[in-house]
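Only one structure is covered here, and it is reproduced in the block below.
Keep in mind that this is a model prediction, so the values were computed, not measured.
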Amino acid sequence: MARNIVRLAAFAAFMVAHATGTGAAEIKVFSTTGLKSVLEELIPKFEKASGHKLDVTWSTAALLTKRVQSGEQADALILIKSNVDTLTKEGKVVPDTETVFGQAIFAIGVKTGAPKPDISTPESLKQSLLAAKGISYSDPTTGGASGVYIAKQIERMGIADQTKGKTRHPPSGGLSGTLLTNGEADIAINSKPELLSVPGVDVVGPLPGDMAFTVVYAAAVQSGAAQADAAKAFIKYLTSPEAQAVFKAKGYDPV
């Protein structure tokens, strides 16, 4: 109870500090779908406390990065750290606004109630993938971190040809876990929070051994942002005790 009171007090103080003396703004946000489940819970809280409104465009971090590089304008960028680093080097991010606020491990998921495959070692996972009727992960051709990484791991295991015909990709911006619940796949590989966000999906465990992979999320204000101060306030909110508690509940880990 005491911890919750302290957390709420800290959040209230934070919002007063960032909202006092500023008018309500509409913040244009480019955000990776890897954070959709948690941000859809946090955004209304931020909007209510700050008076600002957020207009969010959801896509893979890689595609959003390309849109920024091609000249599209947002205020806040919520991406994977490597993407933010790239945009920073290209001068498309306001200096000193990059903020790392969370990370997530990659994991294996199955439909709730289905037998859980052996993924205790890379060899066990290999055999489980070969035995699966369908495998789901993000389409690597979109440049998304999860799809590219998993495709490389499958190729590394030497089973790309054997699994090609039974591999299913969700639509751009979709979740691999949905292909478990609709019966198109019996094994899905995605970040742990994305698997947990799909009702009817159980997480078996993380990728084993040296296949383990963690994606780190970062935010920044885009150069030329019309609402730079409001964007900074939103990014700061992502590191607040209240927001971090929601990240943890959704399966994300602190950095």
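Contact check for Ser138 versus Thr60: no side-chain heavy atoms found under the 4.5 Å cut-off. Within the 4.5 Å cutoff, the side chain of Leu54 has heavy atoms near those of the Glu47 side chain. Between Ile105 and Phe213 the shortest side-chain heavy-atom distance does not fall below 4.5 Å. Taking the side chain as every heavy atom from C-beta outward, Leu87 and Gln69 approach each other to under 4.5 Å. Looking only at side-chain heavy atoms (C-beta outward), Arg67 and Thr57 come within less than 4.5 Å of each other. Using a 4.5 Å heavy-atom cutoff, the side chains of His52 and Gln227 are not in contact. Taking 4.5 Å as the limit, some side-chain heavy atom of Ile150 sits within range of a side-chain heavy atom of Phe106. Residues Asp186 and Val110 fail the side-chain proximity criterion, which asks for heavy atoms closer than 4.5 Å.
Side-chain atoms of Lys28 come within 3.5 Å of backbone N or O of Gln73 as a donor-acceptor pair. Side chain of Tyr149 to main chain of Met211: a donor-acceptor pair is present (N/O by atom type, distance under 3.5 Å, no hydrogens or angles). A side-chain donor-acceptor contact under 3.5 Å links Ser223 to the backbone of Gly91.
Counting heavy-atom neighbours within 6.0 Å of Asp55 CG, excluding the residue itself, gives a total above 12. No more than 12 heavy atoms of other residues, nucleotides or ligands shown are found within 6.0 angstrom of CD on Glu155.
Phe247 and Phe101 have tilted rings, their planes meeting at an angle from 30° to 60° on a 0 to 90° scale.
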As a quick check of understanding, evaluate salt bridge (charged side-chain N to carboxylate O under 4.0 Å, His left out) for Lys89 and Asp85, giving each step before the final call.
CA-CA 6 Å; Lys89 292 176 182 177; Asp85 290 343; over 6 Å; no
Thr99 and Lys236: side chain to side chain contact (heavy atoms under 4.5 Å, CB included), yes or no, with the steps?
CA-CA 8 Å; Thr99 302; Lys236 183 68 175 178; over 6 Å; no
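Salt bridge status for Lys81 with Glu98: present, with a side-chain N to carboxylate O gap under 4.0 Å.
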